[in-house]
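The next block holds one structure in the form of structure tokens; read it before the comments.
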Amino acid sequence: MGKVIAIANQKGGVGKTTTAVNVAASMAATKRKVLLIDLDPQGNATMGSGVDKYDDPNTCYELLIEEKPIQEVVIKETSGKYDLIAANTDVTAAEIKLMEVFAREVRLRNALAPVRNYYDFIFIDCPPSLNQLTVNAMAAADSVLVPMQCEYYALEGLTALMDTIKKLASVVNPELTIEGVLRTMYDPRNRLANDVSEQLKRHFGEQVYRTVIPRNVRLAEAPSFGTPAMYYDRSSTGSKAYLALAGEILRRSKKESVAKVS
Ligand SMILES: Nc1ncnc2c1ncn2[C@@H]1O[C@H](COP(=O)(O)OP(=O)(O)O)[C@@H](O)[C@H]1O
Ligand SMILES: [Mg+2]
């Protein structure tokens with residue numbers, strides 16, 4: 001059974017999309033079948049996957065509002081060797097229309113049901129707010145991956161975010177777990193970043209990934225070429241870090257499945 005991981009943090013600019021695109025590509029490079037769902041009307045994950053959001057592709061709008069079958073909405077040709085459900089400004093309309101439809105919180109969960117066993121991993125790139133789209137992601141996901149920058153107040157923000165996720169989960173998805181907390185844009189020369197990182201490990205323990213994503217200009221450049229970093233500069237510290245993250249997610253998933261069986 002595939003695993004659905006929502007990549008969420010209501011703060012913008014923390015590395016959600018960069019993580020979504022690069023972890024999807026890294027996981028696909030390990031020969032897993034991967035689907036990336038872009039739920040952000042900004043369509044950055046779409047562009048970063050080499051799909052032109054201005055080219056009127058099928059998007060989450062068709063999936064969630066028109067209820068087109070997922071097989072018709074999925075885009076197979078991406079630069080990252082994963083499948084994609086795209087987003088563009090149409091998805092803003094989807095967010096508004098979701099308010100009026102029946103079973104609005106579980107639209108995405110229901111839409112994914114036919115392909116949940118086909119994919120090994122489904123990653124969802126969430127918008128930077130706690131709107132109906134994010135609620136749909138939380139309802140559809142098995143777990144949440146939280147990217148964060150090690151800045152002042154990061155810990156407070158994270159504690160608040162975890163509380164929100166728990167509250168939301170208790171309503172729409174009691175099985176939802178925290179997949180992990182990912183330190184992004186990390187600069188080891190920055191003392192504050194090191195302090196915050198230590199506090200984070202103390203508070204959240206094993207939930208914090210060992211893998212740290214460094215600040216790396218290649219990660220910021222790759223999207224303008226419409227490609228994940230590993231196909232832009234394979235030897236960059238950024239692309240290596242996301243490959244390591246994919247490995248860590250795989251190891252954790254194996255441990256969990258052993259735990260579930262026994
Ligand atoms: N590890 C990193 N090193 C350098 N730049 C990064 C890194 N991660 C993200 N960025 C850049 O920071 C900006 C915000 O990242 P993004 O992934 O779009 O965040 P979000 O999706 O949370 O808004 C983007 O311009 C992105 O290219
Ligand atoms: Mg984003």
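Along the sequence shown, the residues carry numbers beginning at 1. Counting starts at 1 for both ligands and their atoms, in listed order. What you see is a predicted model; the values in this text were computed from it and never measured.
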Under 4.0 Å from any heavy atom of [X], which atoms of ligand 1 are there?
| X | result |
| --- | --- |
| Ala220 | 5 (N), 27 (O) |
| Pro214 | 1 (N), 2 (C), 3 (N) |
| Ile213 | 1 (N) |

Provide the full list of ring-ring contact (aromatic ring centres under 6.0 Å, His included) pairs with a residue in residues 176-208, sequence neighbours left out, each pair given once.
->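 Listed by first then second residue: nothing to list.
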Donor on one side chain, acceptor on other, [X] and [Y], under 3.5 Å:
| X | Y | answer |
| --- | --- | --- |
| Ser236 | Ser239 | yes |
| Asp90 | Thr59 | no |
| Tyr82 | Ser49 | yes |
| Ser235 | Asp233 | yes |

With backbone taken as N, CA, C and O and side chain as the heavy atoms from C-beta onward, which portion of Pro128 lies under 4.0 Å from ligand 1: side chain, backbone, both, or neither?
->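 Neither; no heavy atom under 4.0 Å.
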Looking at ligand 1, does Val14 have a heavy atom less than 4.0 Å from it?
->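 The answer is yes, since Val14 has a heavy atom less than 4.0 Å from ligand 1.
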Would you check whether Gly15 reaches within less than 4.0 Å of ligand 1, judged by its heavy atoms?
->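 True for this residue.
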Main-chain N/O of Ala45 paired with Thr17 side-chain donor or acceptor, under 3.5 Å |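 Between the backbone of Ala45 and the side chain of Thr17 there is no qualifying donor-acceptor contact (under 3.5 Å).
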Does Thr227 reach the main-chain N or O of Ser79 with its side chain, forming a donor-acceptor pair under 3.5 Å?
->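 No; judged by distance alone, with no hydrogens or angles, the pair does not exist.
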Pairs flagged by salt bridge (Lys or Arg N to Asp or Glu O under 4.0 Å) wherever residues 184-208 is involved - sequence neighbours left out =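 Residue pairs with at least one partner in residues 184-208: Asp187-Arg189, Glu198-Lys201.
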The Mg ion (ligand 2) to Thr17: any N/O/S contact under 2.8 Å?
->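 Yes, Thr17 qualifies, because one of its backbone or side-chain N, O or S atoms lies under 2.8 Å.
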Kindly identify the option in Asn216, Thr18, Leu219 whose heavy atom sits closest to atom 4 (C) of ligand 1.
->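 Nearest option to atom 4 (C) of ligand 1, by heavy atoms: Asn216.
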Option set Met185, Met148, Gln42, criterion heavy-atom distance to atom 6 (C) of ligand 1, minimum =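 Going through Met185, Met148, Gln42 one by one, Met185 has the nearest heavy atom to atom 6 (C) of ligand 1.
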Just to confirm, does any protein heavy atom lie below 4.0 Å from [atom]?
| atom | answer |
| --- | --- |
| atom 21 (O) of ligand 1 | yes |
| atom 24 (C) of ligand 1 | no |
| atom 9 (C) of ligand 1 | yes |

If you count the non-hydrogen atoms of other residues, nucleotides and ligands that lie under 6.0 Å from CD in Glu100, is the total more than 12?
->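 Enclosed.
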N or O contact, Gly13 vs ligand 1, cut-off under 3.5 Å =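 Checking ligand 1 against Gly13, an N or O pair does fall under 3.5 Å apart.
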